[in-house]
Amino acid sequence: MGFFDRISEGLSRSRQKFTEQMNVLLDRGPDLDDDFWDDLEETLILADMGGSAASQVVDNLRDEATRKALPDAYAVLDRLNDELASTFATAEADPFGGEPACVLFVGINGAGKTTTVGKLAKEGADAGRKVILGSADTFRAAATEQLEEWSRRANVPIVERERGSDPASVCYDTIERAEADGCDLVLIDTAGRLHTSDDLMRELQKVVNVVRKRSKAPVYTVLVIDATTGQNGLSQARVFDKALDLDGVIVTAKGGIALAVSHELGLPIYKIGVGEGLGDLKDFDAHDFARALVGEFDEREAR
């Protein structure tokens, strides 16, 4: 199964919900009246694209329909994928693109941070980069053990300390080791933080500040988010971004919330994951994502 097919499979539930809503909408006829635009916006919101993104998409399509005298709803739907793709924020720089970088991975418990770090370590090492891992999740013993296993699989060094150590000191030591060994990609795993806990977020702010001050290489703070959490995922992203000034996001491919997060917060999606395998984390492509979320929608042939 190709990578696009894996994305499409992961988004099948969201796509089905979208298609069902569009069928209801088109049952009223293809006219571009006020009800059509209102219902299209509601359909996009129900697909977890977020109110802000949905409103912009509909406003842009409505403007285009007027300027180009589009004849009906089907002509609007022909342009929907491209409009959705253009709504994603674009990255000014890619931390995984080959230039020296220090990347901090943040997110709530269970979002998949440690696995993501491991996959990126293997990807970087296979591409010939000199990678080092930092295990700054000093509260969960299983996290360190999991990252140790990834360091063995990727054949890259790891910096770790005993359980309960200060996470900021682990980050500091990791950067020192990276500079001494000439590593050009530093990947640091942090402990999962409940975005509703002010104390935990303040501690994470300290970790990020230490890394930004100490690292000579550009520092990227990346949120790893499980797209199946829906609108709660957007709430998480808002809090993490406000506290840490995020640089970008890595998501799973199972929900439209990726668009809401990217658009509302102006954050690029660096990578998208569709499974647990080593090859299941790939560069994000906005057009592929939009096509998988909406589908090749043409109810003229289905009716």
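For the numbers below, each heavy atom of this structure counts, side chains included, while hydrogens, waters and symmetry mates do not. Note that the structure is predicted; figures quoted are calculated from it, not measured. The residues of the chain are indexed from 1 along the displayed sequence.
If you take CG on Leu26 and CG on Asp31, they are separated by 11.0 Å, rounding to the nearest 0.5 Å. We find the OG1-CD distance between Thr114 and Glu149 to be 13.0 Å, quoted to the nearest 0.5 Å. Asn23 contributes atom CG, which lies 10.0 Å from atom CZ of Phe18 (distance to the nearest 0.5 angstrom). We find the CG-CD distance between Leu281 and Glu123 to be 6.5 Å, quoted to the nearest 0.5 Å. Taking CG from Leu104 and CD1 from Ile188, the interatomic distance works out to 5.0 Å, rounded to the nearest 0.5 Å. Note: Asp283 CG to Lys271 NZ = 4.0 Å, rounded to the nearest 0.5 Å.
Using a 4.5 Å cut-off between side-chain heavy atoms of Ile, Leu, Val, Met, Phe, Trp and Tyr, with links allowed through other members, Leu246 and Val261 fall into the same hydrophobic cluster. No continuous path of ILVMFWY side-chain contacts below 4.5 Å connects Ile257 to Leu46, so the two sit in separate hydrophobic clusters. Under the 4.5 Å side-chain heavy-atom criterion for grouping Ile, Leu, Val, Met, Phe, Trp and Tyr, Ile225 is connected to Val208 within one hydrophobic cluster. No continuous path of hydrophobic side-chain contacts links Tyr172 to Val207 [ILVMFWY only; heavy atoms under 4.5 Å].
Applying the salt bridge (charged side-chain N to carboxylate O under 4.0 Å, His left out) definition to pairs two or more places apart or across chains, those involving residues 176-188 are Arg129-Asp184, Glu176-Arg214, Arg177-Asp181, Glu179-Arg214. Applying the side-chain hydrogen bond (donor to acceptor under 3.5 Å, both in side chains) test to residues at least two apart or on different chains, none of the pairs has a partner in residues 242-251.
With sequence neighbours excluded, the residues that form a salt bridge (Lys or Arg N to Asp or Glu O under 4.0 Å) with Glu64 are Lys68, Arg79. Asp126 meets the salt bridge (Lys or Arg N to Asp or Glu O under 4.0 Å) test with Lys122; sequence neighbours excluded. Remark: Arg238 pairs with Glu264 by the salt bridge (Lys or Arg N to Asp or Glu O under 4.0 Å) rule, at least two apart or across chains. Checked against side-chain contact (heavy atoms from CB on, under 4.5 Å), Ser135 has the following partners two or more places apart in sequence or in another chain: Thr144, Leu147, Ile158, Glu160. Every residue two or more places apart in sequence or in another chain was checked for a salt bridge (Lys or Arg N to Asp or Glu O under 4.0 Å) with Asp241, and none qualifies. Not counting sequence neighbours, the partners of Ala121 by the side-chain contact (heavy atoms from CB on, under 4.5 Å) test are Val131, Leu133, Ala154, Val156, Leu187. Residues forming a side-chain contact (heavy atoms from CB on, under 4.5 Å) with Ser215 (at least two apart in sequence, or on another chain): Cys102, Ile175, Ala217, Val219.
Heavy atoms only, all atoms of each residue included: Thr174 and Val170 are closest at OG1-O, 2.7 Å. Nearest heavy-atom pair across Val106 and Lys113 is C-CD, 3.3 Å. Shortest non-hydrogen contact noted between Ala143 and Asp137 is CB-OD2, 3.2 Å. Between Ile250 and Phe105, the closest heavy-atom pair is CD1-CE2, 4.0 Å. Taking all atoms of both residues into account, the shortest heavy-atom contact from Ala75 to Leu70 is CB-CB, 4.1 Å. Closest heavy-atom contact between Phe284 and Ile269: CB-O, 3.2 Å.
Judged by distance alone, with hydrogens and angles left aside, the side-chain atoms of Ser262 form no donor-acceptor pair with the main-chain N or O of Ala258 at under 3.5 Å. Proximity of a side-chain donor or acceptor of Arg15 to a complementary backbone N or O of Val294 within less than 3.5 Å is not detected. A donor-acceptor pair under 3.5 Å is formed between the side chain of Gln205 and the backbone N or O of Ala243. Looking at Thr138, its side chain does come within 3.5 Å of a backbone N or O of Ser165 through a donor-acceptor pair. A side-chain donor-acceptor contact under 3.5 Å links Ser151 to the backbone of Glu148.
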Enumerate donor-acceptor pairs with a distance under 3.5 Å from any side-chain N or O in residues 49-59 to protein atoms, sequence neighbours excluded.
residue: Ser52; atom: OG; partner: His263; partner atom: ND1; Å: 3.4
residue: Gln56; atom: OE1; partner: His263; partner atom: NE2; Å: 2.8

Using residues 87-95 as the side-chain source, report each donor-acceptor pair under 3.5 Å to any protein atom, sequence neighbours left out, with the distance given to one decimal.
residue: Thr87; atom: OG1; partner: Glu83; partner atom: O; Å: 2.8
residue: Asp94; atom: OD1; partner: Phe96; partner atom: N; Å: 2.9

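The 12-atom threshold is exceeded at CG of Asp38, counting heavy atoms of other residues, nucleotides or ligands nearer than 6.0 Å.
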**OP:** Decide side-chain contact (heavy atoms from CB on, under 4.5 Å) for Val76 and Leu32; before the verdict, give the C-alpha distance in whole Å, the side-chain angles of both, and the deciding distance to 0.1 Å.
**Re:** CA-CA 9 Å; Val76 170; Leu32 296 178; 3.7 Å; yes
**OP:** Start with the C-alpha gap between Arg62 and Asp34, add the side-chain angles, then the distance that decides, and say whether side-chain contact (heavy atoms from CB on, under 4.5 Å) holds.
**Re:** CA-CA 10 Å; Arg62 193 167 190 167; Asp34 288 341; 2.4 Å; yes
Original post:
Given the rule in the side-chain contact (heavy atoms from CB on, under 4.5 Å) test, do Phe240 and Thr221 qualify, once you have shown the distances and angles that lead to the verdict?
Top reply: CA-CA 10 Å; Phe240 275 95; Thr221 304; over 6 Å; no
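Chaining together hydrophobic side chains whose heavy atoms lie under 4.5 Å apart leaves Ile45 on its own.
The shortest distance between side-chain heavy atoms of Trp37 and Leu61 falls below 4.5 Å.
A salt bridge between Lys119 and Asp280 is absent, with no side-chain N of the basic residue lying under 4.0 Å from a carboxylate O of the acidic one.
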